[in-house]
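Just below is one structure, and these are the notes that go with it.
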Amino acid sequence: MSSKDGPKTRKIFVGGLPSTLTEDDLRDHFSSYGNVVEHQIMVDHSTGRSRGFGFVTFESEDSVERVISEGRMRDLGGKQVEIKKAEPKKHGGDHSSNGRSSHS
């Protein structure tokens, strides 16, 4: 199998989350695709409210492939959310990496 749409990863980005969705809801929804080893909804540090996106990390890359194969948009918590493979930050303005990434 070739990875035609980006590098293999065990982590997905989920955007457009409803503010009522909990981290447990997020894990429960995606656990049907495989073992979820980490999940988090990003929150605003000053208000403690959801920023509307999060990440789910699976035990296996195959789980990510299954999720992605079902399409980018889906209903979660009564709202359409966008799902894509999580990618390391590499766009301008990220001062933690000075443009040097190791490609093997």
Side-chain angles (χ1 to χ4, degrees):
M1 287 180 50
S2 66
S3 58
K4 59 183 179 302
D5 43 4
K8 288 244 180 227
T9 181
R10 295 181 306 135
K11 190 173 192 178
I12 58 170
F13 165 87
V14 187
L17 296 173
S19 58
T20 55
L21 196 80
T22 67
E23 289 192 342
D24 286 344
D25 294 335
L26 187 66
R27 182 197 62 226
D28 292 347
H29 178 81
F30 289 103
S31 62
S32 62
Y33 295 96
N35 190 24
V36 173
V37 294
E38 189 180 356
H39 59 287
Q40 74 182 129
I41 294 175
M42 307 310 286
V43 294
D44 184 305
H45 291 296
S46 57
T47 65
R49 295 201 335 234
S50 168
R51 292 177 60 195
F53 69 95
F55 296 93
V56 177
T57 305
F58 292 97
E59 189 173 60
S60 154
E61 295 166 344
D62 294 339
S63 301
V64 171
E65 298 301 323
R66 278 197 295 277
V67 171
I68 299 297
S69 73
E70 291 189 7
R72 283 185 33 190
M73 302 301 291
R74 71 187 59 198
D75 187 71
L76 181 56
K79 190 174 174 202
Q80 283 287 305
V81 299
E82 178 186 15
I83 296 164
K84 50 190 178 183
K85 291 181 180 182
E87 297 176 7
K89 288 185 188 171
K90 57 178 175 251
H91 300 300
D94 180 8
H95 56 277
S96 65
S97 82
N98 54 6
R100 294 158 62 150
S101 60
S102 58
H103 294 302
S104 48

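Predicted model, so just to flag it, every value in this text is computed and none were measured.
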Inset, instruction - Calculate, to the nearest 0.5 Å, the distance between atoms CG and CD belonging to L17 and E23 respectively. - result: 10.0 Å
Legend entry - Partner set under salt bridge (Lys or Arg N to Asp or Glu O under 4.0 Å) for R51, not counting sequence neighbours: none
Legend entry - Side-chain heavy atoms of F58 within contact of V36, under 4.5 Å: yes
Inset, instruction - To the nearest 0.5 angstrom, please state how far the CG atom of L76 sits from the CG atom of L21. - result: 5.0 Å
Legend entry - Close side-chain approach of K8 to K85, heavy-atom, < 4.5 Å: no
Inset, instruction - Output every pair passing side chain to side chain donor-acceptor pair (under 3.5 Å) with a member in residues 10-22, not counting sequence neighbours, ordered by first then second residue. - result: T22-D25
Inset, instruction - Could you grab the distance from atom CZ of F53 to atom CG of L26, nearest 0.5 Å is fine? - result: 12.5 Å
Inset, instruction - Search all heavy atoms of D28 against all heavy atoms of S31 and return the closest pair with its distance. - result: O-OG, 3.0 Å
Legend entry - Heavy-atom pair with the smallest gap, counting every atom of S63 and G34: OG-CA, 3.5 Å
Inset, instruction - Using the test side chain to side chain contact (heavy atoms under 4.5 Å, CB included), find all partners of K84 that sit at least two apart in sequence or belong to another chain. - result: F13, E82
Legend entry - Residue pairs involving residues 14-36 (criterion ring-ring contact (aromatic ring centres under 6.0 Å, His included); sequence neighbours excluded): none
Legend entry - Contacts of type side chain to side chain donor-acceptor pair (under 3.5 Å), residue E61, not counting sequence neighbours: none
Legend entry - Listed partners of N35 passing side chain to side chain donor-acceptor pair (under 3.5 Å), at least two apart: E59
Legend entry - Rounded distance (nearest 0.5 Å) linking atom OG1 of T57 with atom NE2 of H39: 10.5 Å
Legend entry - For R66, salt bridge (Lys or Arg N to Asp or Glu O under 4.0 Å) partners two or more places apart: none
Check residues 40-47 and write down every donor-acceptor pair under 3.5 Å in which the side-chain atom is one partner and the other belongs to a residue at least two apart or another chain.
residue	atom	partner	partner atom	Å
D44	OD1	S46	N	2.8
D44	OD1	S46	OG	2.6
D44	OD1	T47	N	3.2
T47	OG1	R49	N	3.2

Inset, instruction - Can you see which heavy atom on G16 is nearest to which on V81, and at what distance? - result: O-CG1, 3.4 Å
Inset, instruction - With sequence neighbours excluded, tell me which residues meet salt bridge (Lys or Arg N to Asp or Glu O under 4.0 Å) with D24. - result: R27
Inset, instruction - Using the test side chain to side chain donor-acceptor pair (under 3.5 Å), find all partners of Q80 that sit at least two apart in sequence or belong to another chain. - result: none
